[in-house]
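See below for the structure under consideration.
Reminder, nothing fancy here: chain letters follow the sequence lines and each chain counts from 1.
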Amino acid sequence: MSSTSGQPQFRYTQTPSKVLHLRNLPWECTEEELVELCKPFGKIVNTKCNVGANRNQAFVEFADLNQAISMVSYYASSSEPAQVRGKTVYIQYSNRQEIVNNKSSGDVAGNVLLVTIEGVEAGDVSIDVIHLVFSAFGFVHKIATFEKAAGFQALIQFSDAETASSARNALDGRSIPRYLLPEHVGSCHLRISFSAHTDLNIKFQSHRSRDYTNPYLPVNPSAIEGTMQSTIGPDGKKKELESNVLLASIENMQYAVTVDVLHTVFSAFGTVQKIAIFEKNGGMQALIQYPDVTTAAVAKEALEGHCIYDGGYCKLHLSYSRHTDLNVKAHNDRSRDYTIPESGILPLQQAAAVSSAGGWQTPQATSVYPGNMPAQLPDGQVGGSWDPSMQASGRPTFVSVPTTFPGQTYPPPAVPTYSMAGAVPGTMPVQHVDQSPAGMATHRPPQYGLQPSVRPAGQPPFYGQ
DNA sequence: AGCACA
């Protein structure tokens, strides 16, 4: 099992690939230099430069396998080695068949840098030191620091991509001068890439965030991470700081909660602009972005403490996020940007089409009307139908309804019912599906777990292959 | 001089 997973790493036994792996490149070798070297052999469709710890490796993808083979063959028998700036470059087939995600992040020049400071803890490098170091290249607008798995990180916002690039080029791989660091810190290398952010959202001047463009920003001397953002209301009471973005944590998650499920649930209160799902200390959390604070507040009030499924499953806890505009990938399984045309609406449209085409429904599907609040079981009380082997990965891909119902054995025992609609007192949930006439709530509430219409009634559901 | 990204 374990020894069969990878190809041998020896160059003469590697299987050919359109992708070539180049080593021993000069420092900060540009894409142009790479293309110059490779283009005599064929059409280059993608590159990835400055790879590896020393940033002296690269990948080049040819349009055709034969072009890659011709380059490798040529240099295998050439008396002149491949060279860039006089340095011998070693070429071999990559062990991957294509370059993925090139320039998706970290390589597109932007005005905000993501800086990872290796080998230090958050307390070792003050925000003032970071400011000092990066101010050498231009006016630093904002800094936000945080601790991630990768280590201590900072987002540093400059006026423009040119300034940010000059800072990156000068500082990437370098170390902060010793005299600016505490004695006990050994080495502290900077790893710098471009962030996809363009404008950081700094709420307070604090020991972990700074906005140098706004001297009037309130100071929060104890901006402890994880503490709910709050402010003092007019009544003198502490008041949660509102936001158009909700942070949802999901308790007792016995069923998969997907972006599509969340979109449907939260769309009952207004247009959902963006959703991002992520893991946080073993649990699942999601950020849901509305256009305005009011809508978010209504959704928060209505949904807090309610469960997505009957039986106390997937209980929602909502708070306001510090974010105001999520920076998410347009369409993947963890995030969605519904403000981009053509993205994200397909699943719902198809779901609606299937639903109105008279797909079958479970008897429980009628229980979503007002007055049927989800039964709240005590925590930890679960039904007996959970079957981990029925997880989403083995599900048919032709069913476009959110693939959220993992445990549907046949016949289905105790089908958990999508029941959020009951959380909106006295109203039918309005499905904000694009191209559906406003107010015409013709869709039935979504019925998760159904495998509508794609199989004849009485036949077992189709799983996997 | 020996394989990225999530």
Side-chain angles (χ1 to χ4, degrees), chain A residues 3-31 33-35 37-38 44-62 65 68-69 71-72 75-76 78 80-110 113-114 116 118 146 148-151 153 168 172-173 189 191-197 256 258-259 275-280 284-287 326-337 392-393:
Chain A
S3 61
T4 56
S5 54
Q7 292 285 331
Q9 292 295 308
F10 308 108
R11 105 179 53 166
Y12 299 113
T13 57
Q14 263 183 324
T15 50
S17 163
K18 287 184 303 190
V19 183
L20 299 182
H21 176 220
L22 293 86
R23 292 172 282 123
N24 203 36
L25 290 160
W27 169 256
E28 296 283 304
C29 171
T30 64
E31 183 179 31
E33 290 172 305
L34 217 54
V35 170
L37 176 70
C38 302
I44 294 147
V45 295
N46 211 345
T47 65
K48 193 173 198 69
C49 309
N50 307 135
V51 164
N54 298 321
R55 302 174 61 80
N56 61 354
Q57 301 174 37
F59 296 91
V60 173
E61 181 177 340
F62 283 99
L65 178 63
I69 293 173
M71 181 163 183
V72 170
Y75 284 113
S78 167
E80 289 286 306
Q83 288 188 329
V84 172
R85 287 185 231 163
K87 260 191 112 188
T88 296
V89 177
Y90 301 89
I91 303 169
Q92 62 188 148
Y93 299 113
S94 170
N95 52 26
R96 301 191 198 183
Q97 293 302 309
E98 58 182 5
I99 295 177
V100 291
N101 260 347
N102 186 49
K103 302 184 174 77
S104 68
S105 67
D107 253 3
V108 197
L113 296 178
L114 172 63
T116 303
E118 296 176 342
F146 45 92
K148 277 277 181 68
Q153 294 192 312
R168 187 185 109 127
D172 191 19
H189 291 285
R191 292 290 166 210
I192 306 180
S193 60
F194 291 104
S195 164
H197 288 94
T258 62
V259 173
I275 293 177
I277 293 178
F278 54 94
E279 299 284 327
K280 185 121 181 188
M284 194 187 118
Q285 299 197 343
L287 291 163
L326 304 179
N327 198 333
V328 299
K329 290 274 191 333
H331 191 105
N332 65 29
D333 63 333
R334 312 296 280 170
S335 67
R336 207 62 57 84
D337 184 346
S393 59

A/I99 backbone acceptor or donor facing A/E61 side chain under 3.5 Å: yes
Starting at atom CD of A/E61, determine the distance to atom P of B/dC3, rounded to an integer number of angstrom. 19 Å
Side-chain donor or acceptor of A/S17 paired with backbone N/O of A/R96 under 3.5 Å: yes
Between CD of A/E31 and P of B/dA4 the distance, given in whole Å, is 19 Å
Quick one: A/R96 CZ to B/dG2 C1', roughly how many Å, whole number? 14 Å
Quick one: does A/F62's side chain get under 4.5 Å of A/I44's, heavy atoms only? yes
What nucleotide, of B/dG2, B/dA4, B/dA1, holds the atom closest to the side chain of A/Q92? B/dG2
Considering all heavy atoms, the nearest A/K87-A/N24 contact: NZ-OD1, 3.4 Å
Expressed as a whole number of angstroms, how long is the span from A/R55:CZ to B/dC3:C1'? 16 Å
Length of the line joining A/I99:CD1 and B/dC5:C1', which is rounded to integer Å: 11 Å
Expressed as a whole number of angstroms, how long is the span from A/K18:NZ to B/dA4:C1'? 16 Å
With centres under 5.5 Å and planes under 30°, do A/F59 and B/dA4 count as stacked? yes
If only side-chain N and O atoms of A/Q57 are considered, is one of them under 4.0 Å from the OP1 or OP2 phosphate oxygen of B/dA4? no
What nucleotide, of B/dA4, B/dC5, B/dC3, holds the atom closest to the side chain of A/V100? B/dC5
So which one's nearest nucleotide on DNA chain B is more toward 5', A/K87 or A/V51? A/K87
Expressed in angstrom and rounded to an integer, what is the separation of A/R23 atom CZ from B/dC3 atom P? 8 Å
